[in-house]
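Counting from 1, the numbers follow the sequence of the chain as shown. The structure presented is a predicted model; accordingly, all values stated were derived computationally and were not measured.
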Amino acid sequence: MTCGTDNSFTELYQTEADCAAALYCAKWPEGFRCPRCGHHSAYTLQTRRLPLYECTACHRQTSLTAGTVMEGSRTPLLKWFFAIYSICHSSASINAIKLAGLIQVTYKTAWLILHKLRHAITTAESQIRLSNVVRVDCSRFYSLYNVKHQNHRVLLAAQTSTGDHIVQFKSEPVPAAGETQFPYLQTAYVQPDVKQFVHRYIDPSATVINGGHQLVYQLRFWPLRQVLKQASSTLNDAYHGLGTKYLHAYLNEYAFRINAVEREELPAPTLISYCSRVPVITYPQLIGKERAPSLRVYNVMQATA
């Protein structure tokens, strides 16, 4: 399965059955495995929009979307896959208004689909740690159209190769200390927790430059700051200003497109694989009314046997 050209989506996914087959392969790359007893054989029940699989040993019925970010969604898989393709192959990020028009759903549905996809990206990519030589820095994300939150401090880390080429990078916004009457000073005096950032995203065996308790100004890494500057431009063009609440998710989406290519992966199949293994996050969890699931529920990087 490839998604490398502009017209490959319509070539690969013309029907709901095409999408179901792709999701099946991503969820069970070695064939069906019962989530209860681990048996490999199942009957296929075609009484619903999407097939159910009944284990021939314990007779547990399992939905194709159970345990995925699509679980419980009434939106057709074809529209989900179009959203995946749009995130992975757009020259710039796609916003919910544009996606809603393209796949003919409400704004809220499009917003929820995109944030669930970003949740899958964040969960899976959090388990890929930077290694070898890693440069750490801190810079600012400028939200040009948001008067209340004009800029945000962001911790940055980049795995580099010969010539300081960035192989992979991670980012994490620095939490604000609190609201002030001067928005541009909101995070001016917050000391970023560099040690915890390094612990979360960098392999212990890596050689870390500028990863101490406090960042050294003289060790700033301009190529990494340039990446954040480009991210600011791209995300501002797409969303016309971002607040602090979802900035991390948007930055993770931006980084995923670049990191996947650097890993020589095709972004769309990779994201389909992530979606097949990351549990669903609900709307109340996304907006903060309920506790969100841990990013490390289980190892989503390992194929479900």
Exam field: side chain [X] to backbone [Y], donor-acceptor pair closer than 3.5 Å:
| X | Y | value |
| --- | --- | --- |
| T123 | H119 | yes |
| R129 | H199 | yes |
| D137 | R225 | no |
| K170 | F197 | no |
| N252 | T122 | no |
| E172 | L155 | no |

Report the residues that fulfil side-chain hydrogen bond (donor to acceptor under 3.5 Å, both in side chains) with [X], sequence neighbours left out, ordered by chain and then residue number.
| X | value |
| --- | --- |
| N210 | none |
| T65 | S63 |
| Q230 | T234 |
| N132 | none |

Checklist entry - For W222, which fellow cluster members are found when Ile, Leu, Val, Met, Phe, Trp and Tyr are connected by side-chain heavy-atom distances below 4.5 angstrom, either directly or through intermediates? => result none
Next on the checklist: Using the rule given for side chain to side chain contact (heavy atoms under 4.5 Å, CB included), can you reason through V154 versus S139, listing the C-alpha separation, both sets of side-chain angles and the distance that settles it, and then say yes or no?
Outcome noted: CA-CA 5 Å; V154 178; S139 189; over 6 Å; no
Any chain of hydrophobic side-chain contacts (each under 4.5 Å) joining [X] to [Y]?
| X | Y | answer |
| --- | --- | --- |
| I258 | L224 | yes |
| Y239 | Y107 | yes |
| L77 | L45 | no |
| V261 | Y254 | no |
| F81 | V280 | no |

Item to check | Stepwise side chain to side chain contact (heavy atoms under 4.5 Å, CB included) test for L251 and L235 | outcome: CA-CA 8 Å; L251 287 172; L235 295 177; 4.0 Å; yes
For residues [X] and [Y], report the shortest heavy-atom separation together with the two atoms involved.
| X | Y | result |
| --- | --- | --- |
| Q104 | G101 | NE2-O, 2.6 Å |
| Q159 | L130 | OE1-CA, 3.6 Å |
| V69 | P279 | CG1-O, 4.0 Å |

Next on the checklist: With a 4.0 Å cut-off on N to O distance, would you call E125 and R263 a salt bridge?
Outcome noted: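 Salt bridge present between E125 and R263.
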Item to check | Chi angles and distances behind the side chain to side chain contact (heavy atoms under 4.5 Å, CB included) call for C275, I84 | outcome: CA-CA 9 Å; C275 290; I84 290 172; 4.2 Å; yes
Item to check | More than 12 heavy atoms from other groups under 6.0 Å of NZ on K98 | outcome: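 Incorrect, the count does not exceed 12.
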Please identify each residue that fulfils ring-ring contact (aromatic ring centres under 6.0 Å, His included) with [X], with sequence neighbours left out.
| X | result |
| --- | --- |
| Y246 | W111, H115 |
| F82 | F9 |
| F256 | Y274 |

Name each donor-acceptor pair under 3.5 Å that joins a side chain in residues 49-59 to protein atoms two or more places apart or in another chain, with its distance.
| residue | atom | partner | partner atom | Å |
| --- | --- | --- | --- | --- |
| R49 | NH1 | E16 | OE2 | 3.0 |
| R49 | NH2 | S73 | O | 3.4 |
| E54 | OE1 | Q61 | NE2 | 3.2 |
| E54 | OE2 | H59 | ND1 | 3.1 |
| T56 | OG1 | H39 | NE2 | 3.2 |
| T56 | OG1 | S41 | O | 3.3 |
| T56 | OG1 | S41 | OG | 3.4 |

Next on the checklist: If I take atom OG from residue S86 and atom CD1 from residue I103, how far apart are they, to the nearest 0.5 angstrom?
Outcome noted: 8.0 Å
What residues, two or more places apart in sequence or in another chain, satisfy salt bridge (charged side-chain N to carboxylate O under 4.0 Å, His left out) together with [X]?
| X | result |
| --- | --- |
| E262 | none |
| D164 | R135 |
| R60 | none |

Checklist entry - Does a side-chain heavy-atom distance below 4.5 Å link F221 with L156? => result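 No, side chains not in contact.
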Next on the checklist: Between R140 and H152, do the side chains contain a donor N or O and an acceptor N or O under 3.5 Å apart?
Outcome noted: no
Item to check | Residues R257 and S93: side-chain donor-acceptor under 3.5 angstrom | outcome: yes
Next on the checklist: Could you walk me through whether I202 and V136 satisfy the side chain to side chain contact (heavy atoms under 4.5 Å, CB included) test, starting with their C-alpha distance in whole Å, then the side-chain angles of each, then the deciding distance to 0.1 Å, before giving a yes or no?
Outcome noted: CA-CA 10 Å; I202 301 176; V136 177; 4.0 Å; yes
